[in-house]
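Everything on this sheet refers to the single structure shown next.
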Amino acid sequence: MQMNETRLGRLDDLLISTNRYSLETLDGLFSAAIVGPADVDIDDCMAILDTDEATPWESEAVHAEVATLLKEFWAVIEARVSGDPKVLAEDALPFIDSPEEFDEIEDVASYDGDFPLASDWALGFRFALSEWEEEWSEWLDEKTYPFVGMLLTLTADQTDPDPGTPTVALPSFEERMNLLNEIPFQLAQLYRRRHPRHGKPVQRDESKVGRNDVCPCGSGKKFKKCHGAEGL
């Protein structure tokens, strides 16, 4: 499932111009909604972004356009997080903003700035953790704590620590790159936890196969003349 850059840019512009954060933040929020334990949809997510600062859509036509773009974007993310990160490669990465300098350098590893890469994405994911705290709290365990730590690290530049809790050190750009590359694998694990049968072949219960049905072993013979005969 793909969404061209023009439509992605249009959705980003509409979100930013109405104070509904950005496409990157929405990516994090939608990702959390799709892989997480809460049964939520696009409207539930958009309600989080409809803060007091958000302004109305310009017209009903624009509102309808946004609805269409959001459905497309949701489908893109669902296809991405349900896939194999190793197969998808770079296509498994979320939509995140990058430094303008990236357009001028050949090797991104040579970048020595402090751009807060993936910070807004992690913030969007944290919005979901906060909004559906009860559902997520029942899910959090030793397997998911490292990912939560990743989110805290990535958002260290724009969140204040709670009183009495240690301050999270600001990550270097290299550390941010490493965490960004880890995100697809963390999402894939969460998605399979939410959908444990995803990617597994459907196995038919032989005890429910009729004797005149084709044998599920793939021989092409009737069950009664194949594996069904073993029970006679």
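Keep in mind it's a predicted model, so treat the numbers as computed, not measured.
Nearest approach of Thr51 to Ile48, heavy atoms of both residues: CG2-O, 3.6 Å. The heavy-atom pair separating Ala92 from Pro85 by the smallest distance is CB-CA, 3.9 Å. When all heavy atoms of Leu49 and Ala54 are compared, the pair lying nearest together is O-CB, 4.0 Å. Closest heavy-atom contact between Glu78 and Ser82: O-OG, 2.8 Å. Here the closest heavy-atom approach between residue Ala33 and residue Val40 is recorded as CB-CG2, 3.6 Å.
Checked by atom type and distance alone, the side chain of Asn19 pairs as donor or acceptor with a backbone atom of Glu53 at under 3.5 Å. The backbone N or O of Met3 lies less than 3.5 Å from no partner atom in the side chain of Arg7, so there is not a single donor-acceptor pair. Remark: the backbone N or O of Leu154 is paired with a side-chain donor or acceptor of Arg176 at under 3.5 angstrom. Distance alone, capped at 3.5 Å, is enough to place a donor-acceptor pair between the Thr153 side chain and the Gly149 backbone. Not a single donor-acceptor pair under 3.5 Å links the side chain of Gln189 to the backbone N or O of Gln186. Judged by distance alone, with hydrogens and angles left aside, the side-chain atoms of Arg194 form no donor-acceptor pair with the main-chain N or O of Val35 at under 3.5 Å. Distance alone, capped at 3.5 Å, places no donor-acceptor pair between the Glu24 side chain and the Phe95 backbone.
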Steps toward salt bridge (Lys or Arg N to Asp or Glu O under 4.0 Å) verdict (Arg20, Asp12): CA-CA 9 Å; Arg20 289 178 172 85; Asp12 193 28; over 6 Å; no
Leu129 vs Leu151, side-chain contact (heavy atoms from CB on, under 4.5 Å): CA-CA, chis, key distance, verdict: CA-CA 11 Å; Leu129 296 183; Leu151 299 175; 3.8 Å; yes
From CA spacing to verdict: side-chain contact (heavy atoms from CB on, under 4.5 Å), Asp120, Ile96: CA-CA 8 Å; Asp120 284 347; Ile96 53 98; over 6 Å; no
From CA spacing to verdict: side-chain contact (heavy atoms from CB on, under 4.5 Å), Leu93, Ile183: CA-CA 7 Å; Leu93 293 171; Ile183 285 174; over 6 Å; no
Audit row: Phe30, Phe125, ring pair (Phe, Tyr, Trp, His ring centres under 6.0 Å) steps and yes/no: CA-CA 8 Å; Phe30 275 12; Phe125 204 103; over 10 Å; no
side-chain contact (heavy atoms from CB on, under 4.5 Å) assessment of Ile42 paired with Phe73: CA-CA 10 Å; Ile42 294 175; Phe73 194 55; over 6 Å; no
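Note: Ser31 OG to Leu26 CG = 9.0 Å, rounded to the nearest 0.5 Å. In this structure, CG on Leu187 lies 10.5 Å from CZ on Arg192, to the nearest 0.5 angstrom. With rounding to the nearest 0.5 Å, the separation of CE in Met150 from CG in Asn178 is 10.0 Å. Of the inter-residue distances, the one linking Thr144 atom OG1 with Glu142 atom CD reads 7.5 Å to the nearest 0.5 angstrom. To the nearest 0.5 Å, the span separating CG on Leu29 from CE on Met46 amounts to 8.5 Å. Here CH2 of Trp132 is found 6.0 Å from CG of Asp44. Values are rounded to the nearest 0.5 Å.
The aromatic rings of Tyr21 and Phe127 stand perpendicular to each other, their planes meeting at an angle above 60°, with 30° marking the opposite boundary. Ring pair Trp136/Trp139 is perpendicular by interplanar angle, where above 60° counts as perpendicular and below 30° as parallel.
A heavy-atom distance below 4.5 Å is not found between the side chains of Trp121 and Thr25. Inter-residue side-chain proximity for Leu15 and Leu11 is flagged as met; some heavy-atom pair is nearer than 4.5 Å. Considering only heavy atoms from C-beta on, Lys86 comes within 4.5 Å of Phe185 through its side chain. With a 4.5 Å cut-off on side-chain heavy atoms, Ser172 and Asp114 do not count as touching. Side-chain contact between Arg126 and Val148 is absent, with no heavy atoms from C-beta onward closer than 4.5 Å.
Applying the ring-ring contact (aromatic ring centres under 6.0 Å, His included) test to Phe173 and every residue at least two apart in sequence or in another chain returns Phe102, Tyr111.
Applying the 6.0 Å contact sphere to CD of Glu58 captures no more than 12 heavy atoms from other residues, nucleotides or ligands. Atom CG of Asp112 has 12 or fewer heavy atoms from other residues, nucleotides or ligands within 6.0 Å. The environment of CG in Asn4 is crowded: more than 12 heavy-atom neighbours from other residues, nucleotides or ligands sit within 6.0 Å. Annotation for Asp52: atom CG does not count as buried by contact number, only 12 or fewer foreign heavy atoms lying within 6.0 Å.
Val87 and Val81 fall into different hydrophobic clusters, defined by Ile, Leu, Val, Met, Phe, Trp and Tyr side-chain heavy atoms under 4.5 Å apart, directly or through other members. The hydrophobic cluster containing Met177 also contains Ile105, counting ILVMFWY residues as joined when their side-chain heavy atoms lie under 4.5 angstrom apart, directly or transitively. In the hydrophobic cluster analysis, where Ile, Leu, Val, Met, Phe, Trp and Tyr join through side-chain heavy atoms closer than 4.5 angstrom, Leu8 is grouped together with Val62. Clustering ILVMFWY residues whenever any of their side-chain heavy atoms sit less than 4.5 angstrom apart, transitively, puts Leu190 in the very cluster that holds Leu140.
Salt bridge Arg80/Asp27: present, at least one basic N to carboxylate O contact under 4.0 Å. Under the 4.0 Å criterion applied to side-chain N and carboxylate O atoms, Arg193 and Asp141 are assigned as salt-bridge partners.
Residues Gln158 and Ser119 have side chains that bring a donor and an acceptor to within less than 3.5 angstrom of each other.
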